[in-house]
Amino acid sequence: MTDTPAKPAQTQRFSLVITVSDPQKRVGEGGTSASYVTYQISTKTNNPDYHSESGSTQDIIVVHRRYSDLLLLHDVLANDYPTCIIPPLPDKKVFQYFAGDRFSQRFTQKRCHSLQNFLRRVSLHPTLSQSSILKVFLTSGDWDTYKKSLQDSLPSNKEDVTDALMNAFKTVHIQNDEFIEIKERSDKLDHTVSKLDKIFHKVVKKNDAISEDYVKLATALDDLSELVSGEDNNLAKNLKTFQEGAVQQSYFINDLNKYMDYDYLVDLKDLEHYIESMRQLIRLKDQKQIDYEELNEYLTKSIKDKDDLIAGYGGGNFFSNKLEEFAGINQEAARRDKITKLETRITSLHGELDKAKKVADGFEMETLKEITQFETVKTQELKSTLGELADQHIEYYEKMLQTWVKVDESLV
Amino acid sequence: MSQINIFDSDTGSDPEEEENNNPFAGTDHMFASGVAAAPASSGGAGFDALGGGPGYEYPEEHSTTQTTQNKESLGGNDDDNTTTNSLAVPLLEDGDNTSSLTPSPVPSSQSSSDTDTTAAAAPTATSNYEPYENLSLSVALAQQQTQDSIIQDQRDWEIKITDSGDFSDQWGKKAVGYVIDYNNKEVIRRYSEFSSLHSLLIKFFPTIVVPPIPSKHSLMKYFLNPINAQHDTKVIEKRKRKFASFLNNCNSIPEIKSHIIFQKFLDPECAWKDVINHPPVTILPENNLLAPPLNQTKPSPLHPLLPTPNPTNSPSSSQISAALKDNEELQSVAKKFTAIEGNLSHYLAIMQPMLNKIKHNKFHMSAMSAQLAELGAFYNALSIGNIPFSKLSSGIEKVGHAFDVKYVSMEIFIENFQNLIEENVDELVKLLIDARRVIVFKNMKLGQYQIVKATLDKRNARLKELREFEDKLNRLDVALNRDAAGSATVASIVNRMHSEESVNKKPQNPENNNVAETEPQTSATQAATEQERIKMEQKHLQLQYQLQKKRKNINKYAAKLDSLEPEFLTKAEREVECNRTAKEIEKLNECFKVISRDIHDVNLSTMVSLTNLIAFIHKRLDFMTHGIVKLTINHIHECLKAWKEAKEVLQNI
């Protein structure tokens, strides 16, 4: 972690473009396990390290990985780089396993897109993109053996969870203004994005309904045109033309919907997850700070106790003093004993405190750096997804316009 | 023709109806419209040739009828006909307007200028987010202008609904009034008045498809929205449109246009309450089958004599078609009707579910546009709320703007979609349903015709039967009397028959009769003895007894004399029966003439109305198709522009 500041400069030199595509259903080997889905992951990079096996930097390195492989990669990265915002993976979607449509095109396409988002984010990250595990993941044919050895050694992060839960109700006392702002912003962003996600879901559904309406309307128009055809051929022709337009429109709506469902919604969801990852990091940072603050508190308390004892007002209250008196404890000796104990504690606490302070400060710095990184990635992503969204809409409307102008022209 | 005169003389009594004095004024208008629909025609049968004319072509036929009728009934009104719009005419104009719109790129150019203003406004919008609302509003307004022109072109109507609002009538009751502008005169009418006009028109014109009025508020709406429903501006706007459409459609039907009730409705001098409490409204017949079909308030003495079929006892279609067998003209008309009716029911079968689909579609689209509005809002929130976005935020804002434009444009689209498609289809469905009423009336009239004809046939047959029997008897008599001179046997038979007849003639007083009759008999035959006479008498009595017995048996089945075979009747009874039947036939013939004329009128009027309806449907469908395509294209233009702008800004980041 100490060498991270140097890294970003280095990473600028190598481009790393990863594409996830072509989800394929594979039948489990040797009857041991059920079928699974693999994704083709192609890497294009000018980093010579990646090309030790083949040679030319122009080559595209292709491997096939399944979801669990990516999950392992994710976990390893999370373990190795605790101060980084690890891009999230798509949900496991346990439900889909039961529902049985885990191999449906919709599911795999969406997951494919989401995995692509994950790998892109990793590749854009200055630290994560340099990790050796990523290189192994992207290039090595021995990944499977690597994976087996890793899976056992990977520590479970259960402890973290309980720790986080324990401290869930504690809050940082002195919060950096910057972080307050970051938090507010991320909350707002999260809220907005999740709202957008929800609305887009509804929009997709409504679009489906509208597309269906157009199909139904088209059939009715078809009937009408047939009915009219004997009497008024022009009208029949017009109705027919219009009917064809309606059918086309329903196709276009479906196309647009497919994009929104398969791509844009996934992007939104991933953005939500990414924000969540960032907030987790902030929470972790808070944790460190809480650790430090608690130590600090303890220290001040100890110092105060010591000072009190030295000053002579009893540590503890009147009754405990009396009790100790009855027990025949020499109060003066006990006091001195206590003071020395406190003194040693204070000195050790000072050391601890310094350490915690360092950790917390370091963490904060890292976090800030991560957040800046997060912001750039997010900005880029928003730009590209919105651009894509606009493109899709433009394409949709242009196709529609073409169709309807054609309809308009052929109307008599 | 004589019938017409009867009707004419009948109606002079009512001074209220001077304008409408001639009962066939409406008919003539109708004929005129028939001419407009099918101008080229040559020859054909006039009214009097009702029974003949094998090459009878229905709509074409009117021209001759018109010319004959116009002379006595129309006079100065004639020139009206040329300008009169049958349902089809104004719509033709609509079509022209639409097509004149088609080549000119007016909507697109205008919309592009709209968006140009938006583009100009956009940079300011990015710098400070305030003028956003105004912006979309201006888009909306500009759009409204272009899109109105698409729907508006059916608005070059004679009658306009210019305003609506609360008003209190002379009784101080408050209600929503609709201001009708006709011939630069303003009339305020309320919904209930429209409604009563509509139902009156239905009563006055059983053979004409009456344009529909908007339906009442559903109770559900009151429950859901008790305060607003009545005065809901949307509902009132919708009604304004629909009432305007109703009045103009009525106006385009010559019969309705010229009708006193309709004219009074448009007359600011007339209080509607007075109109409905005076003739002709008050003299509307109870049963529209018992009045002249084209002029319900001009009763003829014969119409009340017509039978009244109702759905339970009306003759079956097979009976009717049997009744039409000997009338080729009516048969061919019936065939045409079957085709049209089938056609209309097909239309209804398609349009009714289509209306539902359209309503669904509208519902989905408005749900969609609500989502879009939210999307726009959240994208704006995204762009405003995040400072680090600053470079991006204008791009995001543009995307939000694109969604907003889509939302506004969609709202307008939905609004117009409703005006153009939903309301029109709704109107068509209502017209089609009303067409059923007209068809039912026509069929009822046919039922009447069948009943009259069947009765007449029966009576004629009866009379013929009676007369033939009488004839036979007379011939037999003559023959016997001739032969009696040469043969005693024949003479005795004749004698016996005479006495038999006399017995039959006055069965209540046989003795007396016999005495009177025997004297010429004795003088004629000489050979008759008293014994023989008694014997014969016994025989006669026996015969008569048998006759009585037979009649008794038959009487069990038929209570009336006229259902008896003529053999079972005495001479006197036969005579009475003959006279009665002859009289009845005379009356029935009158009735038959009336009903035949009625049928003719009804067929003509109904046929014209239905043909016009189909033409109207076609025009409307065509109009809707053109309109919706225009709307869609406008909508697409708007959205495309907005998205392209968004894309441009995004690319420049």
Side-chain angles (χ1 to χ4, degrees), chain A residues 181 185 188-189 191-193 195-196 198-200 202-203 206-207 209-210 212-214 216-217 219-221 223-224 227-228 230-232 234-235 238-239 241-242 245 249 372 375-376 378-379 382-384 386-387 389-394 396-398 400-401 403-405 407-409 411-412, chain B residues 99 102 343 346-347 349-351 353-354 357-358 360-361 363-365 367-368 371-372 374-375 378-379 381-382 385-389 391-392 395-396 398-399 402 406 614-615 617-619 621-622 624-626 628-630 632-633 635-637 639-644 646-648 650-651 653:
Chain A
E181 202 194 302
R185 224 162 48 208
K188 220 184 254 172
L189 182 67
H191 176 74
T192 316
V193 172
K195 274 282 186 216
L196 281 177
K198 260 183 214 156
I199 301 167
F200 258 107
K202 284 185 201 160
V203 166
K206 282 284 162 297
N207 258 339
I210 290 173
E212 214 173 290
D213 288 341
Y214 271 104
K216 280 183 191 161
L217 195 69
T219 48
L221 283 168
D223 292 345
L224 262 184
L227 184 60
V228 168
E231 302 160 32
D232 187 341
N234 277 348
L235 177 59
N238 283 354
L239 287 173
T241 319
F242 184 66
Q249 163 134 21
T372 336
E375 292 289 352
T376 41
K378 187 189 68 181
T379 308
L382 272 174
K383 188 196 157 184
S384 70
L386 286 176
L389 186 69
D391 280 345
Q392 291 285 343
H393 271 91
I394 289 168
Y396 164 71
Y397 283 119
E398 265 168 358
M400 291 249 290
L401 190 65
T403 311
W404 286 112
V405 166
V407 168
D408 191 36
E409 278 164 4
L411 284 183
V412 269
Chain B
S99 52
T102 320
N343 219 339
H346 278 306
Y347 275 117
I350 295 171
M351 295 233 196
M354 193 160 125
K357 279 170 210 157
I358 285 166
H360 269 275
N361 200 352
F363 175 73
H364 285 144
M365 283 199 289
M368 175 79 163
Q371 305 296 347
L372 288 173
E374 264 192 87
L375 268 189
F378 277 108
Y379 273 109
L382 197 66
N386 298 279
I387 296 141
F389 281 73
K391 271 155 89 192
L392 235 194
I396 296 173
K398 272 280 145 201
V399 172
K406 194 176 173 184
I614 286 184
I617 290 172
H618 287 182
K619 289 289 160 204
L621 283 177
D622 209 43
M624 274 153 62
T625 322
H626 281 99
I628 191 72
V629 171
K630 288 262 173 296
T632 315
I633 289 174
H635 170 65
I636 294 166
H637 264 301
C639 296
L640 190 57
K641 278 263 150 56
W643 277 107
K644 275 189 172 158
K647 178 68 191 169
E648 212 172 292
L650 281 168
Q651 261 171 343
I653 294 165

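Each chain gets a letter, A, B and so on, in the order its sequence line appears, and its residues count up from 1. Predicted model only: the values in this text are computed from it and were never measured.
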Name the option with the most non-hydrogen atom pairs under 4.5 Å to chain B; the candidates are [options].
options	value
A:V228, A:T241, A:L221	A:V228
A:T219, A:T403, A:L224, A:N234	A:L224
A:D232, A:L227, A:D223	A:L227
A:V193, A:V407, A:V203	A:V203

(message) Counting only non-hydrogen atoms closer than 4.5 Å, does A:Q249 touch chain B with its backbone (N, CA, C, O), its side chain (CB onward), both, or neither?
(response) side chain
(request) Please look at A:K216 and chain B and tell me whether the side chain, the backbone, both or neither of the residue comes under 4.5 angstrom of a heavy atom of that chain. (result) both
(message) Under a 4.0 Å threshold between the charged nitrogen and the carboxylate oxygen, would B:K647 count as salt-bridged to A:D391?
(response) yes
Heavy atoms, side chains only, cut-off 4.5 Å: are [X] and [Y] in contact?
X	Y	result
A:H393	B:K406	yes
B:L640	A:Y396	no
B:E374	A:K198	no

Where does [X] contact chain A at under 4.5 Å (heavy atoms): side chain, backbone, both or neither?
X	result
B:M351	side chain
B:Y347	both
B:T632	side chain

(request) For B:F378, enumerate each residue passing the ring-ring contact (aromatic ring centres under 6.0 Å, His included) test, keeping only those at least two apart in sequence or located in another chain. (result) none
(request) Applying ring-ring contact (aromatic ring centres under 6.0 Å, His included), name anything that partners B:Y379, two or more places apart in sequence or on another chain. (result) B:F403
(message) Using a 4.5 angstrom heavy-atom cutoff, name the option from B:I358, B:D622, B:I614, B:V399 with the most pairs to chain A.
(response) B:D622
(request) Could you have a look at B:A367, B:A349, B:A646 and say which one has the most heavy-atom pairs with chain A under 4.5 angstrom? (result) B:A367
Indicate the atoms forming the closest heavy-atom contact of [X] with [Y], along with that distance.
X	Y	value
B:I350	A:A220	CG2-O, 3.7 Å
B:C639	A:Y397	CB-CZ, 3.2 Å
A:K206	B:H364	CD-O, 3.6 Å
B:T625	A:N238	CG2-O, 3.8 Å
B:N361	A:D213	CA-OD2, 3.1 Å
A:D408	B:V629	CB-CG1, 3.6 Å

For the [atom1] atom of [X] and the [atom2] atom of [Y], what is their distance to the nearest 0.5 Å?
X	Y	atom1	atom2	result
A:F242	B:M624	CZ	CE	8.5 Å
B:L382	A:H191	CG	NE2	11.5 Å
B:I396	A:L382	CD1	CG	5.0 Å
B:M365	A:I210	CE	CD1	6.5 Å

(request) Might you work through the side-chain contact (heavy atoms from CB on, under 4.5 Å) test for B:K644 and A:E398, ending with a clear yes or no? (result) CA-CA 10 Å; B:K644 275 189 172 158; A:E398 265 168 358; 3.0 Å; yes
(request) With salt bridge (Lys or Arg N to Asp or Glu O under 4.0 Å) as the test, would you mind laying out the steps for B:K357 and A:E212 before giving the verdict? (result) CA-CA 10 Å; B:K357 279 170 210 157; A:E212 214 173 290; over 6 Å; no
